[in-house]
Number of protein chains: 2
Amino acid sequence: MKHVKEVATITGISVRTLHYYDQIGLLSPGTTDNGYRVYTEDDLEKLQQILFFRALDFPLKKIKTIMDRPDFDHLEALHFQKKRLHQKKKRLETIIATIDHTIQHMKGERDMTDKEKFNGLDFSQNQYEQEAREKYGEEAVNRSTQKLNSLSNNEKDALSQSFHRIYQKLAAIRQGSPASEKAQNAIHEWYEILNNHVGYHYTLEAFRALGQMYIEDQRFTKNIDQYGEGLALFMRDAMNVYADRNK
Amino acid sequence: MKHVKEVATITGISVRTLHYYDQIGLLSPGTTDNGYRVYTEDDLEKLQQILFFRALDFPLKKIKTIMDRPDFDHLEALHFQKKRLHQKKKRLETIIATIDHTIQHMKGERDMTDKEKFNGLDFSQNQYEQEAREKYGEEAVNRSTQKLNSLSNNEKDALSQSFHRIYQKLAAIRQGSPASEKAQNAIHEWYEILNNHVGYHYTLEAFRALGQMYIEDQRFTKNIDQYGEGLALFMRDAMNVYADRNK
DNA sequence: TATTGACTCTTACGTTACGTCACCCTCTAA
DNA sequence: TTAGAGGGTGACGTAACGTAAGAGTCAATA
């Protein structure tokens, strides 16, 4: 059980940062009756994970959604982070190489195209997003879209029609509760369609993870929300309830 | 001669960023008569340098002051950046090692102190600041403070009294122009004191660099500004003028 | 020649992740 | 009991852009 200052000195991050993480619900320790924050060993562990993600330039919001996942796995995350840190290291090496080339270029020992001059410096590249998808819950999604691509055009049409119908149905009732009978019936239908037509059986946990993807991955969110603002969020919640009830 | 979009696609940074860099005077290209920005090869080169510094997490303001230095040396900067990138790489390796240890720790194969759990993660460490000082103009400063420490207490007192006097004199006239006779006289006195008592001869360029340090290095700035808000900036300007006039 | 699509500009407000007060409370050691 | 270190909550400031609005430009095409 440690107080803020102690955690701050151990970890090297500021007290303000700890306050902030509490404020946004990323890391909320317990409190004593005088209102002081107290951090347990578990909190420290979680903080460590947060900092690993931060070292990978993950925005705090994303870190939160990832770690809030019911099926979040500490060990799995560590392996993921390690892999990505190695990639980051490689990018640094690329930049260093670019510097070397530039030095040679200045000495007239070498030619460089304009593009070569900026090797490794384009921070824009999908960056973490790509891999973040690949990991956290996408296996299931991948398999389904893969399957989807292998279908004939007719089949695709039929399928997308089903999707369309379900989305519209859900959009119509998205103002109500995700736990309502209507919503759960629609979600059940959704679950059936996926399992019957996509050729891969979703476990309830995979189904739940899929729902999470809807709000974690912008591409999904945008697509789904075309049917109605906030639909992706609504579906995630409904799928969560569904997974809870049927387990 | 390239337009924004082209530069953006070559470098991978956004058009907005280029606009912004122009806005803050970090990288201001020329313009055609229709107001379009046009980037020369030199601009690209400068942009490359900026991105190298950015890869080291230098704040843009610092990048600007560094690159605005009259004695800024492209090649020298490249070597510096390379060295620092290697250090950054090492920090990544430390983090990776910490992950490995944590994995072993979870498997019960290893013990870890709380501090070890955060090895490499404390972003707070002087970071670039330290090295940034060591480089850009500190050689001169170093030698003087070194000398200063080797003095007897009596000598120190006398010297710090001199410093005190000059600072106060300058603080009193800091509202006027740094090029005014008063200011230049005081600065001349300052130059003499440094050269007579510190035991190291400042070339005019070193003197100028020293002035630059006053605003680049927070420790200097704070110290000096105790005598009056903005004094550090005033001295930098005055020292610049002095160096210009006497060369 | 008019139109279109791809670029360009400026202005301005929004966002993330804190830093930095200000003001007040609480605990502990002297 | 008193000082000093540490705790808390606002609230405002900052950096480095993202994003959207409204309007002008240019080259290719219909």
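These values consider heavy atoms only, across backbone and side chains, with no hydrogens, waters or symmetry-generated copies. Protein chains get the first letters and strands the later ones, always in sequence-line order, with residue 1 at the start of each.
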Practice task
Please list, by residue number, the residues of residues 24-50 of chain A whose heavy atoms come closer than 4.0 Å to an atom of DNA chain D; answer none if no residue qualifies.
Solution key: A:Gly35, A:Tyr36, A:Arg37
Could you list the donor-acceptor pairs under 3.5 angstrom formed between side-chain atoms of residues 23-31 of chain B and any protein atom two or more places apart in sequence or on another chain?
residue	atom	partner	partner atom	Å
B:Ser28	OG	B:Asp22	O	3.4
B:Ser28	OG	B:Asp22	OD1	3.0

Handout entry: Phosphate-side-chain proximity, B:Thr17 and D:dG18, N/O vs OP1/OP2 below 4.0 Å
Key = yes
Fill in the blank from the handout: Value for NZ (B:Lys115) from CG (B:Leu121), rounded to nearest 0.5 Å, stands at 14.5 Å
Problem - A:Leu18 CG to C:dG19 C1', straight-line distance once rounded to whole Å - result: 14 Å
Handout entry: Nucleotide C:dC27, atom C1' - distance to CD of A:Glu6 in whole Å
Key = 15 Å
Handout entry: Separation of C:dT8 P from B:Asp22 CG (nearest whole Å)
Key = 14 Å
Exercise for the section: Determine, for A:Glu41 against A:Lys46, whether the closest basic-nitrogen to carboxylate-oxygen distance falls under 4.0 angstrom. Expected result: no
Exercise for the section: Tell me yes or no: between the side chains of B:Thr40 and B:Asp42, is some donor less than 3.5 Å from an acceptor? Expected result: no
Practice task
Say whether, by atom type as modelled, one donor and one acceptor occur between the side chain of B:Gln49 and the main chain of B:His74 under 3.5 angstrom.
Solution key: yes
Handout entry: Length of the line joining B:Lys5:NZ and D:dC26:P, which is rounded to integer Å
Key = 18 Å
Practice task
For the residue pair A:His3 and A:Tyr36, categorise the inter-ring angle as parallel (less than 30°), tilted (30 to 60°) or perpendicular (more than 60°).
Solution key: perpendicular
Exercise for the section: Send over the distance from A:Gln23 CD to C:dG19 P, rounded to a whole Å. Expected result: 13 Å
Practice task
Using a 4.0 Å heavy-atom cut-off across all strands, classify B:His19 as base, sugar-phosphate, or nothing.
Solution key: base
Exercise for the section: For B:Gln81 and B:Arg84, test the side chains for any donor-to-acceptor distance below 3.5 angstrom and give the result as yes or no. Expected result: no
Practice task
Would you classify A:Val4 as touching base, sugar-phosphate or nothing, given that sugar-phosphate means primed atoms plus P, OP1 and OP2, and contacts are heavy atoms under 4.0 Å?
Solution key: sugar-phosphate
Problem - Distance test, side-chain N/O of B:Ser14 to OP1/OP2 of D:dG18, below 4.0 Å - result: yes
Polar-atom pairs under 3.5 Å, protein N or O versus N or O of nucleotides 13-16 of chain C: list them with distances, or write none.
residue	atom	partner	partner atom	Å
C:dT16	OP1	A:Lys61	NZ	3.1

Exercise for the section: Whole angstrom is fine here: how far is it from OH in B:Tyr21 over to P in D:dA15? Expected result: 14 Å
Handout entry: Among C:dG19, D:dG8, D:dC17, the one nearest B:Arg54 by side-chain distance
Key = D:dC17
Practice task
Hey, can you tell me if A:Tyr167 and A:Tyr227 have their rings parallel, tilted or perpendicular (30° and 60° cut-offs)?
Solution key: tilted
Problem - N/O donor-acceptor pair under 3.5 Å between B:Lys88 side chain and B:Ala55 backbone - result: yes
